[in-house]
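Down below is the structure, laid out as structure tokens.
Protein chains get the first letters and strands the later ones, always in sequence-line order, with residue 1 at the start of each.
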Amino acid sequence: MISLKGILKGEDSLDSESLVIRQRREKAEQLERDNVPLYPNGISRPEKIEMIHTIYDSYEEEALKRVSHVFSLAGRIMTMRRFGKAAFLHLQDSTGQLQVYVQREQVGADAYIIFKKFDIGDLIKVTGRLFRTKTGELTLLADTIGLVAKSLRPLPEKYHGIRDKEIRYRQRYVDLIMNKEVREVFRDRSRIIQILRRYLSSRDFIEVETPMMQPIVGGATARPFKTHHNALDMDLYLRIAPELYLKRLLVGGYERVFELNRNFRNEGISVQHNPEFTMLEFYEAYATYKDLMSRTEEMFSMIADEIKGGPVFSYQGHVLNLSPPWYRMTLEEALVEIGHIPEAELSDRECLIDRLRALDAPVRGNEKIGKFWTRLFDLLVEPKLIQPTFITRYPTDVSPLARKSQEDSRFTDRFELFIAGHEIANAFSELNDPREQRRRFEEQIASRGDDEEIPPVLDKDYIRALELGMPPAAGEGIGIDRLVMLFTDAPSIRDVILFPQLRPES
RNA sequence: GGGCCGUUAACUCAGUUGGUAGAGUAUCUGCCUUUUAAGCAGAGAGUCACUGGUUCGAGUCCAGUACGGCCUACCA
């Protein structure tokens, strides 16, 4: 019977209740009437399917017969082939799948009647011994079988699985149940983050947490999300970068700090951009941007070894080689050699504007020359930087927090790292002269367009901190999502973020 | 923000020139104790994304809206 209560309450508002769901509900209610708890508590921790494969995949039938151990497993029914008095099913736990053979004779008539009410998608527990079927598949012959949690919704089709990207992103739980590769991507993401934490911690970096809600937007240029604190009656911004807080900690005396957490930018969404994204920022006193190049090579090599088994692997059809040392090139060299811009034009504003306009890039005309360079770089060079490449010598006017180069004050001691046409990291020797930092901030505010989204406020407290003296240091930011894309061969940032931002369902 | 494409059963997809809505999987019933995209027989299942228009008649043609995808723009 259909639950009258359910209809009256208008339950299941996510979906018009389909026949399949109604039937499952009825079956569940039937089980409940037969005193089978649908969501029992106190299930003892099961053994892992992966362990069974690791040990017993190589066992022949005769060897398996001598294994007296009774295994206890739990997981989700992924497929089922029923006969009259027996059935085969595949059980999936977090580590893998194993076939289970349920015979009425073996589990008993009463248990088998209950088992007949089980569906694909249900979470169950089984105990039993291993054997091999006629076709040689390692299989557990069930002695007992019981319900762990009833599934009231059907799973997607067993053969084609789930393809609709909208469902995959919105209902990631379904995507994860159905797609092993997706489960592996997020496992790799976790491993990559662990490798980075391990690397930094073992080199005496301490992990810190600085404000995500900031009264003044700083550390990068981007539109922030705005919120309001009621009790303090003040506007706050979700951070676009933790940089200025982390450097306050260098002033405070920590010489190596890092933060690995979310930033928020109120900009467009694309295959490379999500409004909230994960950034690793680390700062090291008595180091320069050159030291950070080595660190970056070292960290990425560790990840490549552990995730890919070595420095050579492919990403979206490109064969990448992360063996150090990586290419190094100044921004000017890249523009001339890869962007094919004649060197003489690099200092000619009009020529650069013409080139940008020819590429359909919007130009206001009053930008700093460095801005023209980076725009041209983004259009002409970045997509061509497939192998890991450090681009150095960024103009001072586009690097307001970076230290000027000793040889030439028009440039900073800074690099950006590009791999597979993506910007992966940005690093520089830190500007620690409070007088110059104030001038750069003032300059930045003065030249800022009339973008009302970005409040033109000078962070006086940061200047005050620098005035106490910050040791010479270098810092780096690494976009974790893009890094994970690289090592999981993911074409879109949505494939490496569990719950990417989407419009609400209508 | 702009362009292109998509939206049909729970899932994967067909749907002819505009003429009563289709398949496979899944589900339900029956048979079936070594199957594995099990098999056999039968059954049920749809607001064709939504709104409007053209038409005797619209899943199909037109317009708009919503959501998604890809490209593009914005984005140190």
Side-chain angles (χ1 to χ4, degrees), chain A residues 14-24 26-27 61 78-90 97 99-107 112 119-121 131-137 139 141 151-171 174 178 219-224 240-241 243 265-275 277 331 359-362 367-368 370-371 373-375 377-379 382 391 394-395 397-402 412 414 416 423 426 428 444 451 453-454 477 479 491-492 494 500 502-506:
Chain A
L14 284 176
D15 233 325
S16 58
E17 184 162 285
S18 75
L19 178 70
V20 184
I21 294 174
R22 223 160 49 224
Q23 284 169 335
R24 286 203 168 210
E26 287 164 26
K27 238 194 262 188
E61 173 66 20
M78 295 304 291
T79 63
M80 184 135 57
R81 295 166 293 283
R82 289 183 190 274
F83 301 83
K85 300 180 187 66
F88 285 97
L89 58 89
H90 273 104
Q97 287 198 358
Q99 181 166 259
V100 175
Y101 188 35
V102 183
Q103 283 181 310
R104 190 173 74 170
E105 196 178 279
Q106 188 75 17
V107 297
Y112 201 80
D119 292 307
I120 292 173
F131 74 106
R132 269 187 202 281
T133 62
K134 276 181 184 170
T135 54
E137 181 167 350
T139 301
L141 175 62
S151 170
L152 297 177
R153 284 176 184 273
L155 288 179
E157 195 230 8
K158 63 185 172 191
Y159 189 62
H160 297 93
I162 185 107
R163 286 191 179 169
D164 186 321
K165 284 195 181 175
E166 183 170 355
I167 300 177
R168 289 188 42 216
Y169 295 146
R170 282 193 203 283
Q171 302 180 43
V174 176
M178 297 304 295
T221 306
R223 290 202 181 131
I240 57 173
E243 173 152 358
R265 295 188 184 177
N266 204 342
E267 311 275 2
I269 294 176
S270 79
V271 289
Q272 279 194 74
H273 299 84
N274 194 63
F277 62 101
L331 182 61
L359 292 163
D360 283 330
E367 292 95 336
K368 305 284 188 192
K371 185 76 184 168
W373 285 18
T374 54
R375 296 286 281 283
F377 177 88
D378 289 347
L379 294 168
E382 180 173 314
I391 300 295
Y394 278 78
D397 59 41
V398 293
S399 315
L401 301 164
T412 53
R414 172 180 172 191
E416 287 197 2
E423 179 194 336
N426 177 24
F428 38 84
Q444 204 184 0
D451 191 339
E453 311 272 344
I454 305 175
S492 167
R494 291 187 195 93
L502 299 175
R503 285 198 172 82
E505 286 178 81
S506 49

Is the aromatic ring centre of A:F88 closer than 5.5 Å to the centre of the six-membered base ring of B:rU35, with the two planes inclined by less than 30°? yes
Interatomic distance where CG belongs to A:L19 and P belongs to B:rA43 [whole Å]: 16 Å
Residues in salt bridge (charged side-chain N to carboxylate O under 4.0 Å, His left out) with A:R168, at least two apart? A:D175
d(NE2, A:H90; C1', B:rU35) in whole Å: 9 Å
Distance check needed: B:rA10 C1' versus A:I162 CD1, whole Å only. 10 Å
Counting heavy atoms from C-beta on, name the nucleotide in B:rU33, B:rC75, B:rU34 closest to the side chain of A:H273. B:rC75
Under the salt bridge (charged side-chain N to carboxylate O under 4.0 Å, His left out) test, which residues partner A:K85, sequence neighbours left out? none
In whole angstroms, how far is the P atom of B:rA76 from the CH2 atom of A:W373? 18 Å
To the nearest Å, how far apart are A:R170 CZ and B:rC67 C1'? 6 Å
So, does the side chain of A:E137 form a donor-acceptor pair with the base of B:rU34 at under 3.5 Å? no
Taking the side chain as C-beta and beyond, is there a heavy-atom pair between A:H90 and A:E137 under 4.5 Å? yes
What's the gap between B:rA66 and B:rG24 when it is taken at their C1' atoms, as a whole Å value? 30 Å
Residue list, salt bridge (charged side-chain N to carboxylate O under 4.0 Å, His left out) with A:K27, at least two apart or on another chain: A:D119
With sequence neighbours left out, what residues match A:E166 under side-chain hydrogen bond (donor to acceptor under 3.5 Å, both in side chains)? A:R170
Go through the structure and list residues passing salt bridge (charged side-chain N to carboxylate O under 4.0 Å, His left out) with A:E61, not counting sequence neighbours. none
Considering only nitrogen or oxygen atoms on both sides, find all protein atoms under 3.5 Å from nucleotides 69-72 of chain B and state each distance.
residue: B:rG69; atom: OP1; partner: A:R494; partner atom: NE; Å: 3.4
residue: B:rC70; atom: OP2; partner: A:R494; partner atom: NH1; Å: 3.1

Report yes if a side-chain nitrogen or oxygen of A:R163 is closer than 4.0 Å to either non-bridging phosphate oxygen (OP1 or OP2) of B:rC13; otherwise report no. yes
Watson-Crick and G-U pairing of RNA chain B written in dot-bracket, each distance under 3.5 angstrom, with | for inter-strand partners: (((((((..((((.....[..)))).(((((.......))))).....(((((..]....))))))))))))....
Sequence neighbours left out, what passes ring-ring contact (aromatic ring centres under 6.0 Å, His included) with A:F83? Give chain and number order. none
In chain order, what residues pass the side-chain hydrogen bond (donor to acceptor under 3.5 Å, both in side chains) check against A:Y169, with sequence neighbours excluded? A:D495
Reported NZ-to-CZ distance for the pair A:K165 and A:R494, which is rounded to 0.5 angstrom: 8.0 Å
What I want to check is whether an N or O donor and acceptor connect the side chain of A:H160 with the base of B:rC11 at under 3.5 Å. no
Those residues that, when tested against A:F88, pass ring-ring contact (aromatic ring centres under 6.0 Å, His included) (two or more places apart): A:Y101
Nucleotides 7-9 of chain B: which of its N/O atoms have a protein N/O under 3.5 Å away?
none

Using the test side-chain hydrogen bond (donor to acceptor under 3.5 Å, both in side chains), find all partners of A:Q99 that sit at least two apart in sequence or belong to another chain. A:R81, A:T139
